[in-house]
Visitor: 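I am attaching a structure below and will ask some questions about it afterwards.
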Amino acid sequence: GENVEQHPSTLSVQEGDSAVIKCTYSDSASNYFPWYKQELGKRPQLIIDIRSNVGEKKDQRIAVTLNKTAKHFSLHITETQPEDSAVYFCAAPLYNNNDMRFGAGTRLTVKP
Amino acid sequence: EAGVTQSPTHLIKTRGQQATLRCSPISGHTSVYWYQQALGLGLQFLLWYDEGEERNRGNFPPRFSGRQFPNYSSELNVNALELEDSALYLCASSLGQGRGEQFFGPGTRLTVL
């Protein structure tokens with residue numbers, strides 16, 4: 001996306017390890033940051049999101065952290081499983097939450 | 001509640017032809033977004049419609065256009081098709097009103113020969 005940078009582009013981990021994907025954004029007024037998972041041949045699906053009034057949000061094995069000062073947010077997956085293998089996209093608002101831009105995606109491979 | 005639907009699932013055209021892709025949003029959603037995804041890569045923003053109006057467009061030539069109907073469904077039209085237009089075209093809808101969450105349809109796979 002034009003205002004969202006996502007790293008790394010590919011990530012390979014062993015089953016049970018943790019995976020971290022990081023995104024940076026440019027608009028300091030941004031206040032909503034979702035993460036999407038796209039499995040092979042399927043549509044992107046929202047897996048977790050965070051709003052700027054909190055610094056961290058967890059949902060079982062996944063968590064998102066937000067650093068508004070540094071303008072970056074990260075997806076953390078713990079105890080990875082082969083079914084976590086997918087492409088993950090972050091997104092951030094361009095002008096407002098109705099107008100989102102997506103990062104370039106991270107292809108995560110979890111090796112059994 | 002039905003999700004976002006798109007038609008057709010697959011579309012094969014030849015260079016120079018025109019393609020029309022359709023999207024029906026989730027009931028109650030007023031915003032519709034179109035994205036191009038080539039070769040399983042990133043989601044390139046194409047167009048955003050809300051309440052029948054085009055609100056923003058991405059860095060695509062004018063031969064990519066669309067519209068939103070009074071029932072909030074949307075069409076994406078691609079004129080003068082080029083080989084590099086071959087991609088998965090994804091539609092998403094949202095409630096708008098600053099909530100942010102977008103829900104994606106299954107996509108239309110466009111192949112230009």
Side-chain angles (χ1 to χ4, degrees), chain A residues 1-10 21 23 25 27 29-54 57 59 64 66 73 85-109, chain B residues 2-7 9-10 21 23-26 29-60 68 72 87-109:
Chain A
E2 55 198 285
N3 68 321
V4 183
E5 292 190 5
Q6 183 172 346
H7 298 282
S9 56
T10 61
I21 304 169
C23 285
Y25 60 96
D27 184 359
S30 296
N31 62 12
Y32 174 69
F33 307 93
W35 285 91
Y36 288 79
K37 175 183 180 182
Q38 186 178 27
E39 297 178 60
L40 188 62
K42 297 191 175 180
R43 71 189 79 184
Q45 292 200 303
L46 179 71
I47 55 171
I48 195 168
D49 56 16
I50 191 168
R51 297 188 188 269
S52 61
N53 56 340
V54 297
K57 183 177 178 181
D59 183 4
V64 55
L66 172 64
F73 57 110
S85 295
V87 178
Y88 291 82
F89 294 97
C90 64
L94 181 60
Y95 301 114
N96 56 62
N97 290 346
N98 296 323
D99 197 1
M100 305 291 288
R101 292 294 181 272
F102 285 79
T106 297
R107 186 175 300 278
L108 173 65
T109 302
Chain B
V4 178
T5 60
Q6 291 186 244
S7 63
T9 304
H10 295 91
L21 289 63
C23 172
S24 291
I26 291 172
H29 286 193
T30 62
S31 278
V32 170
Y33 307 82
W34 288 95
Y35 297 90
Q36 182 194 66
Q37 187 174 40
L39 297 171
L41 298 176
L43 299 167
Q44 300 301 315
F45 170 72
L46 267 165
L47 290 159
W48 166 33
Y49 292 95
D50 183 64
E51 297 285 358
E53 300 283 333
E54 181 182 301
R55 302 298 182 182
N56 206 352
R57 66 179 292 129
N59 296 325
F60 282 84
Q68 186 179 34
Y72 303 112
L88 180 68
Y89 289 83
L90 289 161
C91 168
S93 75
S94 80
L95 271 170
Q97 302 161 25
R99 287 198 53 80
E101 300 99 325
Q102 294 185 17
F103 298 86
F104 284 84
T108 292
R109 173 75 60 187

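In what follows, every chain begins at residue 1, and chains take the letters A, B, ... in the order their sequences are listed. Any value given below was found using the heavy atoms of this structure, including those in side chains, with hydrogens, waters and symmetry copies removed.
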Visitor: Identify which part of A/Phe33 has an atom lying under 4.5 Å from any heavy atom of chain B, answering side chain, backbone, both or neither.
Guide: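 Looking at A/Phe33, nothing touches chain B.
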Visitor: Select one option (side chain, backbone, both, neither) describing which atoms of A/Pro44 are under 4.5 Å from chain B's heavy atoms.
Guide: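 Contact with chain B: backbone and side chain both.
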Visitor: Supply the atom-to-atom distance A/Phe89 CZ to B/Phe104 CZ, rounded to the nearest 0.5 angstrom.
Guide: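 One finds 8.5 Å between CZ of A/Phe89 and CZ of B/Phe104.
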Visitor: Any chance you could measure A/Arg101, atom CZ, to B/Gln44, atom CD, to the nearest 0.5 Å?
Guide: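 If we round to the nearest 0.5 Å, A/Arg101:CZ and B/Gln44:CD are 10.0 Å apart.
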Visitor: Are side-chain heavy atoms of A/Gln38 and B/Leu90 found at a separation under 4.5 Å?
Guide: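 With C-beta onward as the side chain, the pair touches.
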Visitor: For the residue pair B/Gly105 and A/Arg43, what are the closest heavy atoms and their distance?
Guide: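 For B/Gly105 versus A/Arg43, the nearest heavy atoms are O-CB, 3.2 Å.
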Visitor: Compare all side-chain heavy atoms of A/Phe102 with those of B/Gln102 and state whether any distance is below 4.5 angstrom.
Guide: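 Answer yes - side chains close enough.
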Visitor: Can you find a heavy atom in the side chain of A/Tyr32 that is under 4.5 Å from one in the side chain of B/Glu101?
Guide: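 A side-chain contact exists here, since the closest heavy-atom pair is under 4.5 Å.
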